[in-house]
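If you read the sequence from its start, that first residue is 1, and numbering goes on from there.
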Amino acid sequence: MDINQILNANYHVTERLYNLQLQQLYEMRKLNHPNPLVRFGSKIFSQNDEDGITLEICKRIGLEKGTFLEFGVGNGMENNTLSLLASGWKGEWFGGEEIAFSTEESKKLKFTKKWITLENIAELTNLALERLNKKEWDLISMDLDGNDLYFIEELLINQHRPKIFIVEYNAKFLPPIEFCIKYEDSFVWEGDDYQGASLTTLNKLFLKHDYKLVCCNSATGTNAFFIKKEFEASFKDIPENIEDIFVSHNFNLYNYFGHRPSIKTILSFI
């Protein structure tokens, strides 16, 4: 065995030990958090553990199949609604970059490459509902790295009130801190802390429109889950205080999610 092989072997051993340690820390975050809903966190196609939380919420409110709308889907291989698509849901995606496969032949999913602004989001959402021949969305996921709060407010004002709303929050600003960036049509996140809105600010908006915060994902502290208050009887175990639902950022991620997703697998669902 030459020196390169030795170094390579040592690297893989170190990486595995590091991943094992991070996995243990992640499990501790789940088990020690005061909100029991975080313990359902698990990855199917989501970036982290959002899928398991989403499916548990759907189960509690009796949603077996429905319609979804997602803004910000990356290249289509890793997002918050692929697991719903795999469960027999139908929906639409909007994003600013091309995805890794075509949805032209699909009867379950349509992707539109579009830069989202306050001027077009309501119209695009209306058109998407018309294409699906539906009156309302069951779930909307918003992850556009910036103007999210303004887009959410625009949708709610225009009576787009899904049963479940998944939104990205800026976990640097723990409750009770209120924070939100200034709206800019052309905003592009630069990887710093000037991004999105704090959980407190988002929660205040959703409370005005009769939504209840039920969870934040424990793996990373990135996504928050809101439900219509009409379903709150199914979430009596959820803490009342926002401080007991909030999850702080976790930037130390490990490769524990198994095999990478395949385009062939995704195409089998759509």
Hey, are the side chains of [X] and [Y] touching, using non-hydrogen atoms and a 4.5 Å cut-off?
{"X": "L82", "Y": "F68", "value": "no"}
{"X": "E70", "Y": "I140", "value": "no"}
{"X": "L63", "Y": "I164", "value": "yes"}
{"X": "C215", "Y": "N35", "value": "yes"}
{"X": "L144", "Y": "M142", "value": "yes"}
{"X": "W137", "Y": "F165", "value": "no"}
{"X": "K228", "Y": "Y211", "value": "yes"}
{"X": "N79", "Y": "Q47", "value": "no"}

Would K43 and D49 count as a salt bridge (charged side-chain N to carboxylate O under 4.0 Å, His left out) here? Give the steps. CA-CA 5 Å; K43 177 188 175 82; D49 60 339; over 6 Å; no

Transitively linked via ILVMFWY side-chain contacts under 4.5 Å: [X] with [Y]?
{"X": "L31", "Y": "I245", "result": "no"}
{"X": "I152", "Y": "Y183", "result": "yes"}
{"X": "I270", "Y": "L139", "result": "yes"}
{"X": "L267", "Y": "F269", "result": "yes"}
{"X": "V247", "Y": "I242", "result": "yes"}

Counting only N and O atoms by type, is there a donor-acceptor contact under 3.5 Å from the side chain of [X] to the main-chain atoms of [Y]?
{"X": "T265", "Y": "P261", "answer": "no"}
{"X": "D148", "Y": "G146", "answer": "yes"}
{"X": "N170", "Y": "C180", "answer": "no"}
{"X": "N120", "Y": "T117", "answer": "yes"}
{"X": "H33", "Y": "F246", "answer": "yes"}
{"X": "N158", "Y": "E154", "answer": "yes"}
{"X": "S198", "Y": "F179", "answer": "yes"}
{"X": "K30", "Y": "G41", "answer": "yes"}

So which atom in [X] and which in [Y] form the shortest heavy-atom distance, rounded to 0.1 Å?
{"X": "G66", "Y": "D138", "answer": "CA-OD2, 3.1 Å"}
{"X": "C216", "Y": "Y169", "answer": "CB-OH, 3.4 Å"}
{"X": "S248", "Y": "A171", "answer": "C-CB, 4.2 Å"}
{"X": "W89", "Y": "C58", "answer": "CZ2-SG, 3.8 Å"}
{"X": "L155", "Y": "F71", "answer": "CD1-CE1, 4.1 Å"}

Could you go through T125 and F151, starting from their C-alpha distance and side-chain angles, then the distance that decides it, and tell me whether this counts as side-chain contact (heavy atoms from CB on, under 4.5 Å)? CA-CA 11 Å; T125 302; F151 296 147; over 6 Å; no

Report the distance from atom [atom1] of [X] to atom [atom2] of [Y], rounding to the nearest 0.5 Å.
{"X": "S218", "Y": "N32", "atom1": "OG", "atom2": "CG", "value": "10.5 Å"}
{"X": "K108", "Y": "T67", "atom1": "NZ", "atom2": "OG1", "value": "14.5 Å"}
{"X": "L149", "Y": "I181", "atom1": "CG", "atom2": "CD1", "value": "9.5 Å"}
{"X": "L213", "Y": "L207", "atom1": "CG", "atom2": "CG", "value": "8.5 Å"}
{"X": "E136", "Y": "K163", "atom1": "CD", "atom2": "NZ", "value": "4.5 Å"}
{"X": "K90", "Y": "L85", "atom1": "NZ", "atom2": "CG", "value": "11.0 Å"}

Looking only at side chains, do [X] and [Y] share a donor and an acceptor under 3.5 Å apart?
{"X": "N217", "Y": "T220", "value": "yes"}
{"X": "E168", "Y": "Q195", "value": "yes"}
{"X": "N126", "Y": "H160", "value": "yes"}
{"X": "W93", "Y": "T112", "value": "no"}

Pairs meeting criterion ring-ring contact (aromatic ring centres under 6.0 Å, His included) with involvement of residues 213-237, two or more places apart: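 For residues 213-237: F206-F226.
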
Answer yes or no: does atom [atom1] of [X] have more than 12 heavy-atom neighbours from other residues, nucleotides or ligands under 6.0 Å?
{"X": "K229", "atom1": "NZ", "answer": "yes"}
{"X": "E123", "atom1": "CD", "answer": "no"}
{"X": "N241", "atom1": "CG", "answer": "yes"}
{"X": "K172", "atom1": "NZ", "answer": "no"}

With side-chain contact (heavy atoms from CB on, under 4.5 Å) as the criterion, how do L55 and F40 come out once you've worked through the C-alpha distance, each side chain's angles and the decisive distance to 0.1 Å? CA-CA 9 Å; L55 294 176; F40 291 90; over 6 Å; no

Please collect all side chain to side chain donor-acceptor pair (under 3.5 Å) contacts where either partner lies in residues 230-239, sequence neighbours excluded, each pair once.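 Listed once each, the pairs are R60-D237.
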
Among T81, D143, I44, N223, find the residue that satisfies the side-chain contact (heavy atoms from CB on, under 4.5 Å) test when tested with E50.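 Going through the options one by one, the only one that passes is N223.
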
Which atom pairs, donor and acceptor, lie under 3.5 Å between side-chain atoms of residues 94-103 and protein residues at least two apart or in another chain?
from, atom 1, to, atom 2, distance (Å)
S102, OG, E104, N, 3.2
T103, OG1, F111, N, 3.1

Using the salt bridge (charged side-chain N to carboxylate O under 4.0 Å, His left out) criterion, which residues pair with E178? Sequence neighbours excluded.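 Checked E178 against salt bridge (charged side-chain N to carboxylate O under 4.0 Å, His left out); matches are K204.
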
Apart from W115 itself, what residues make up its hydrophobic cluster, given side-chain heavy atom links below 4.5 Å?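 Members alongside W115: V188.
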
Residues in side chain to side chain donor-acceptor pair (under 3.5 Å) with S87, at least two apart?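 Applying side chain to side chain donor-acceptor pair (under 3.5 Å) to S87 gives none.
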
Please determine if E240 and K212 form a salt bridge, counting it only when a charged side-chain N lies under 4.0 Å from a carboxylate O.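 Salt bridge between E240 and K212, a charged N being under 4.0 Å from a carboxylate O: yes.
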
Are R131 and E92 close enough, and set up right, to give a salt bridge (charged side-chain N to carboxylate O under 4.0 Å, His left out), and what steps lead you there? CA-CA 9 Å; R131 284 193 289 264; E92 299 227 2; 2.8 Å; yes

